[in-house]
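When reading the values below, keep in mind they use all heavy atoms of this one structure, side chains included, and skip hydrogens, waters and symmetry mates.
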There are 2 protein chains.
Amino acid sequence: MTAARIKEVALKHFAKNGYEGASLADIAAEVGIKKQSIYTHFKGKDELFLDLLDDVFTKELQFSVDYLDRYKELSLDQLLYGFLTQYQVCYEKDDNAKLFLRVSFFPPSHLYDVIVKEGYRYWDTLEKMLIPVFDQAIAAGDISSDISSNTATIAFLAVLDGMFVELLFGGTERSLKRIEASWFVYWRGIKK
Amino acid sequence: MTAARIKEVALKHFAKNGYEGASLADIAAEVGIKKQSIYTHFKGKDELFLDLLDDVFTKELQFSVDYLDRYKELSLDQLLYGFLTQYQVCYEKDDNAKLFLRVSFFPPSHLYDVIVKEGYRYWDTLEKMLIPVFDQAIAAGDISSDISSNTATIAFLAVLDGMFVELLFGGTERSLKRIEASWFVYWRGIKK
DNA sequence: ATCATCCTTCCGAACGTTCGTCAGGATGAT
DNA sequence: ATCATCCTGACGAACGTTCGGAAGGATGAT
């Protein structure tokens with residue numbers, strides 16, 4: 001299917017150069033067709049981009065849902081630390097995550113509303129999934145009574161973002177150091 | 001001075017739309033001149049952009065240097081927490097910080113090398129300034145012996161990045177909540 | 001088996017617009 | 001007279017987009 005191939009290449013280009021920086025001609029060239037042929041499969045640049053974006057957000061959310069579901073019987077520290085490292089391994093230099101972040105932070109102006117809405121959906125879902133995890137840990141007496149599930153969740157998402165940033169900016173080795181340090185301090189900060 | 005006015009407007013446009021998304025015509029229009037007149041003051045788009053970028057990085061670094069110097073006699077927790085909140089207040093919706101982050105994470109391809117080098121300069125300087133602060137606190141017995149100054153610094157910069165991200169993405173009220181939660185956990189994580 | 005028909009896919013050519021850029025001239029202050 | 005500044009005008013290149021048609025496969029009737 002050519003449409004799938006176009007999206008595959010477009011993901012790469014949008015991730016690397018952003019919406020404005022990516023050109024249909026370049027994308028088509030890498031696919032091996034002319035740019036006009038893209039219009040056989042998509043109404044235009046916007047539709048290609050938004051279609052792609054839907055996949056990106058879905059995949060990104062699916063990763064978290066799957067992980068938290070698969071390892072829900074682990075202890076809290078193993079679950080959370082594993083979450084960080086899994087994300088780091090999976091999305092190292094991954095175009096999906098790169099476009100996800102790029103678009104979340106710096107959406108193209110004329111698509112701002114659509115994108116921000118999808119972004120909030122992602123973070124809110126993630127937050128709603130994490131809070132019960134912490135509630136359970138609090139009930140089990142694993143984390144300090146000074147810490148609410150809300151505080152623990154928000155701070156954890158901040159750790160996650162910090163990892164993302166270093167993953168994008170500094171690369172693998174720097175982000176590994178950051179995960180190590182952040183997690184060490186974070187866990188020491190919430191544990192009993 | 002028109003050159004200054006051009007840079008002022010250009011900062012806004014580059015921050016909002018990125019390098020590729022910002023057009024000289026739009027910038028000139030807002031300044032109140034024709035786009036060709038920009039060439040009286042700058043050799044081209046790249047020179048304007050890089051000239052601007054130098055200011056941005058310098059200003060960004062200067063803020064940190066100034067703050068840490070001015071409040072160096074504060075206790076560690078007051079110093080660090082103040083650093084976070086000061087940054088948040090100063091750079092809320094600030095185009096300087098927005099462009100700083102945008103360009104650091106997603107530099108235009110053809111200027112990648114120049115920008116990444118400046119980025120590392122910033123983070124390394126900040127790191128080098130923070131480590132002695134933590135060393136001093138360790139010597140004074142303010143933070144746990146389980147925590148090295150290196151770990152504390154890296155984790156703190158992660159907290160800072162997490163704040164940046166939420167500031168850009170979620171706005172003021174969300175970033176305030178995040179600062180509160182992150183700081184609470186962070187400080188509990190490193191203190192004696 | 002042949003033929004007409006339809007649909008999908010792709011491309012050549014061109015559209016109008018915007019991009020960054022360059023040359024040359026008008027204006028006004030020093 | 002010189003200089004800086006901003007202008008008009010125009011440039012080639014790239015952008016996203018549209019249209020008409022060529023190729024090929026599948027379908028169904030004859």
[X] [atom1] - [N] [atom2] separation (whole Å):
X	N	atom1	atom2	value
A/L50	D/dG16	CG	C1'	15 Å
B/I27	C/dG20	CD1	C1'	12 Å
A/F42	D/dG16	CZ	P	15 Å
A/I33	D/dG16	CD1	C1'	15 Å
A/L24	C/dC19	CG	C1'	16 Å
B/L48	C/dC19	CG	P	15 Å
A/I6	C/dC11	CD1	C1'	13 Å
B/K34	C/dG20	NZ	P	16 Å

* To do: On the 0 to 90° scale, with breaks at 30° and 60°, tag the B/Y19-B/F49 ring pair as parallel, tilted or perpendicular.
  => perpendicular
* To do: Select from A/A25 and A/K43 the residue whose nearest nucleotide in DNA chain D is closer to the 5' end of that strand.
  => A/A25
With heavy atoms under 4.0 Å as the rule, sort [X] into base, sugar-phosphate or nothing.
X	result
B/S37	base
B/A22	sugar-phosphate
A/T40	base
B/A3	nothing

* Structure fact -> As its Watson-Crick or G-U partner within any shown strand, both distances under 3.5 Å, D/dA29 has C/dT2
* Please evaluate the base of D/dG16 for a donor-acceptor partner in the side chain of A/K35 within a cut-off of under 3.5 Å? => yes
Candidates [options] - which lies nearest the side chain of [X]:
X	options	result
A/K45	D/dT17, C/dG20, D/dT5	D/dT17
A/S23	C/dG20, C/dC11, D/dG16	D/dG16
A/Y39	D/dC6, D/dT17, D/dC15	D/dT17
A/H41	C/dT9, D/dT8, C/dG12	C/dT9
B/Q36	C/dT9, D/dA10, C/dG20	D/dA10

* Asked: Going by an N to O cut-off under 4.0 Å, is there a salt bridge joining B/K177 and B/E180?
  -> no
* Asked: Charged N to carboxylate O under 4.0 angstrom, A/D142 versus A/K192?
  -> no
* Kindly say whether the aromatic ring centers of B/F105 and A/F106 come within a distance under 6.0 Å. => no
* **Polar side chain donor-acceptor pair, B/N17 to A/S109, under 3.5 angstrom** => yes
